[in-house]
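Since we're looking at a predicted model, the values are computed, not measured.
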Amino acid sequence: MPLLLFYAAAIVVAAHIVLETTIFGGNVRAIGGNREAASNAGINVRGISTVVYTLSGLSAAFAGVLMSARLGSGQPSVGTGFELQVISAVIIGGTSLFGGIGSVLGSLLGSLVLSVLTTGLILLHIDPVLQDFVIGVIIVLAVGLDQVRRRRMFRSAGVR
């Protein structure tokens with residue numbers, strides 16, 4: 001098994017534990033849901049946001065190091081085009097584009113679903129442009145489902 005798989009598993013487990021069981025994770029979720037309400041609740045929005053952006057940058061740097069090690073060279077254009085795949089995986093996994101809803105395990109599941117879908121499209125010899133189109137349609141459907149879910153959630157809570 002590739003070493004990258006062990007790194008990914010360790011990061012998923014650590015991120016899940018931090019986001020689901022710590023006060024920091026609850027604060028991150030609160031800030032993602034409503035920044036102003038989190039500030040009014042006494043959460044240090046600026047400090048938590050700084051930590052989150054720092055962790056994001058460290059994660060990107062670590063991914064770059066791992067990718068360079070895997071390829072045996074460092075090229076600045078290697079990760080170009082991964083943005084659509086990452087956003088797709090996270091949305092398919094149930095994370096809301098509007099913040100406050102989502103989980104690490106859901107994102108992992110979305111990544112696996114997207115990987116299977118992409119592999120299936122390649123095996124069916126679908127043109128790469130059409131593959132992006134199919135993924136785009138799936139993103140639109142996932143965002144639509146998210147909107148329906150949010151409306152139901154707010155309707156059941158009595159919020160208009």
Val28 reachable from Leu108 in the ILVMFWY side-chain graph, under 4.5 Å edges: yes
Query raised in the report: Is there a path from Leu114 to Leu130 through hydrophobic residues (I, L, V, M, F, W, Y) whose side chains come within less than 4.5 Å of each other?
Result: yes
When rounded to the nearest 0.5 Å, the distance separating CD of Gln85 from CD1 of Ile92 is 10.5 Å
### Query
Leu117, Leu124: one ILVMFWY side-chain cluster at the under-4.5 Å cut-off?
yes
Look at the side chain of Thr50 and the backbone N and O of Arg46, then say whether any donor-acceptor pair between them is shorter than 3.5 Å.
yes
Nearest heavy-atom contact between Ala142 and Ile91 is CB-CG2, 3.2 Å
Scanning both residues in full, the closest heavy-atom pair of Thr95 with Ser107 reads OG1-OG, 3.6 Å
Residues passing the side chain to side chain contact (heavy atoms under 4.5 Å, CB included) test with Leu109, sequence neighbours excluded, are none
Taken to the nearest 0.5 Å, the spacing of Thr22 OG1 from Ile17 CD1 works out to 10.0 Å
- Check whether any side-chain N or O of Gln131 sits under 3.5 Å from a backbone N or O of Ile126 as a donor-acceptor pair, and report yes or no. yes
Quiz item: Does Ser115 reach the main-chain N or O of Ser111 with its side chain, forming a donor-acceptor pair under 3.5 Å?
Solution: no
Ser49 and Ile31 have their tightest heavy-atom pair at OG-CG2, 4.2 Å
Closest non-hydrogen contact found for Leu71 with Val78 is CD1-CG1, 3.6 Å
ask   = If two hydrophobic side chains count as joined below 4.5 Å and joins carry through other members, does Val113 share a cluster with Ile139?
value = yes
Checking Val148 against Arg152 for the side-chain contact (heavy atoms from CB on, under 4.5 Å) test, could you report, in this order, the C-alpha distance in whole Å, the side-chain angles of both residues, the deciding distance, and whether it holds? CA-CA 6 Å; Val148 169; Arg152 285 186 184 162; 4.0 Å; yes
With a 4.5 Å cut-off on side-chain heavy atoms, are Phe24 and Val52 touching? yes
- Message: Hydrophobic clustering (ILVMFWY, side-chain heavy atoms < 4.5 Å, transitive) - are Leu3 and Ile11 grouped together?
- Response: yes
Item to complete: Keeping the roles fixed (side chain from Ser59, backbone from Leu55), state whether a donor-acceptor pair exists under 3.5 Å.
Response: yes
- Near Glu36 CD, under 6.0 Å, is it more than 12 heavy atoms from other residues, nucleotides or ligands? no
The reported gap from CG in Asn27 to CG in Leu19 (rounded to nearest 0.5 angstrom) is 11.0 Å
Across all chains, not counting sequence neighbours, the side-chain hydrogen bond (donor to acceptor under 3.5 Å, both in side chains) partners of Glu20 are Arg29
Side chains of Ser88 and Ile138 in contact at under 4.5 Å (non-hydrogen atoms)
no
request  = Would you check, one step at a time, whether the test side-chain contact (heavy atoms from CB on, under 4.5 Å) holds for Phe82 with Met67?
outcome  = CA-CA 12 Å; Phe82 284 168; Met67 185 65 90; 3.6 Å; yes
Note to self: Could you check whether any side-chain heavy atom of Arg149 comes within less than 4.5 Å of a side-chain heavy atom of Leu145, counting everything from C-beta outward?
What the structure shows: no
In short, salt bridge (Lys or Arg N to Asp or Glu O under 4.0 Å) pairs touching residues 108-124 with sequence neighbours left out are none
